[in-house]
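Here is the structure we will look at, set down as structure tokens.
The structure presented is a predicted model; accordingly, all values stated were derived computationally and were not measured. Both ligands and their constituent atoms are indexed starting at 1 by order of listing.
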Amino acid sequence: MSEKPKNITAQVSRILKSSCVDGPGNRFVLFLQGCNFKCINCHNPHTIQHCRHCAECIPHCPTQALQLNTHKKVVWRQAQCTGCDKCIDVCPYQSNPKILQLSVLEVLEKIRECHLFLNGITLSGGESTLQLPFIVALFKAIKADPALSHLTCYIDSNGSLSDAGWQRVMPYLDGAMIDLKAWQSETHLWLVGKDKHRVISSINLLAKEGKLHEVRLLPISEKSDLGTNVNQVGQYLKKLPRKVNIRLNAFGHHGVVGEALTWAKSTESDLLTFHDALYKILQRPILLPSVYL
Ligand code: SF4
Ligand code: SF4
């Protein structure tokens, strides 16, 4: 008899039933709320904090889709929401009241509705691995279900999970995409609020286990130090298996708030200069951005 999935819940900020940019093929993507990095250039800052139920956003909702329940918690009525995002704009805590608390069984049901058109599912965020027990239970249930076991299970992560954490999900994980945002420790600490050693450790472990799908680099002129350290970055990436994608992302202002709005956006020429310098070392294809926002 197959084991019943553990019905753990997760705080879900967004669901995409079909995406071609969150891993290989057509993927069902679940974005989980909450992040342990504080990237100055975050393009989704409202996914960083969990809602504090301060109720400040309620009067700004034009359709009364937000209400305070008897436990003084803000409740989002999805059917009344027009998606205007006024609540996100006024939130003083980089949060979002439009959160669904979904169980593993509820997510499985949503995946079953479209599984025939999918290659896999991706857990993204925020930082999805902060809700690791949910991910482990969900991936385990997918692998154990004959109707869903063809779906590959991927995680899109900032790389902050410990090696012990990765080992918990490893038996059910098919691939991971990890961001490498800066090279020198001081720059990494300044840019994201955390040291980079966990990120490097995650990349190394996933590569060793054959589960590293992609490393994503975001060279930002005069802010991230990937460009000025391109030789060291290249020598490090060169040691990874050749099947690992190396992808360059462009910095833009979409979704960004605060200081980073004064930073220069990446241009095609910036990215090509970085690409060419990295290519000289790696001697293999490097994926360039398809859009510059
Ligand atoms: S989303 Fe922000 S403003 Fe609205 S209740 Fe939560 S913390 Fe307060
Ligand atoms: S996005 Fe939805 S919940 Fe938020 S203010 Fe607009 S209608 Fe209200």
Using a 4.0 Å heavy-atom cut-off, which part of [X] comes near ligand 2: side chain, backbone, both, or neither?
{"X": "Leu66", "answer": "side chain"}
{"X": "Thr63", "answer": "side chain"}
{"X": "Gln80", "answer": "neither"}

*Taking the non-hydrogen atoms of Ala55, is any one of them nearer than 4.0 angstrom to ligand 1?*
yes

Taking 4.0 angstrom as the limit and counting only heavy atoms of [X], give me the atoms of ligand 1 inside it, by number and element.
{"X": "Asn96", "answer": "1 (S)"}
{"X": "Tyr93", "answer": "7 (S)"}
{"X": "Pro92", "answer": "3 (S)"}

*With the threshold set at 4.0 Å, does a side-chain nitrogen-carboxylate oxygen contact exist between Lys110 and Glu113?*
no

*Inspect the contact between Asp270 and Lys265 and indicate whether a charged nitrogen and a carboxylate oxygen are less than 4.0 angstrom apart.*
no

*asked:* Using side chain to side chain donor-acceptor pair (under 3.5 Å), reason through Asn69 and His71 one step at a time and then give a plain yes or no.
replied: CA-CA 5 Å; Asn69 70 11; His71 303 289; 5.6 Å; no

*asked:* Using the rule side chain to side chain contact (heavy atoms under 4.5 Å, CB included), only one of Asp174, Thr129, Thr122, Leu161 pairs with Ile155; which is it?
replied: Thr129

*asked:* Below a 4.0 angstrom heavy-atom separation, can you tell me which part of His53, side chain or backbone, both or neither, approaches ligand 1?
replied: backbone

*asked:* Please work out, at 4.0 Å between heavy atoms, whether the side chain, the backbone, both, or neither of Ile88 comes within that distance of ligand 1.
replied: neither

*Within less than 2.8 Å of atom 2 (Fe) of ligand 2, any N, O or S from Cys81?*
yes

*Got the closest protein heavy atom to atom 4 (Fe) of ligand 1, with its distance?*
Cys57 SG, 2.3 Å

*Look at atom 6 (Fe) of ligand 1 and say which protein heavy atom is nearest, naming residue and atom and giving the distance to 0.1 Å.*
Cys51 SG, 2.3 Å

*Could you check Tyr236 against Ile281 for side-chain contact (heavy atoms from CB on, under 4.5 Å), going step by step and ending with a plain yes or no?*
CA-CA 10 Å; Tyr236 170 66; Ile281 303 163; over 6 Å; no

_Using the rule given for side chain to side chain donor-acceptor pair (under 3.5 Å), can you reason through Ser103 versus Glu106, listing the C-alpha separation, both sets of side-chain angles and the distance that settles it, and then say yes or no?_
CA-CA 5 Å; Ser103 69; Glu106 286 167 321; 3.2 Å; yes

*Taking both backbone and side chain into account, is any N, O or S atom of Cys91 nearer than 2.8 Å to atom 8 (Fe) of ligand 1?*
no

*Taking everything shown except Glu209 itself, do over 12 heavy atoms lie less than 6.0 Å from its CD?*
yes

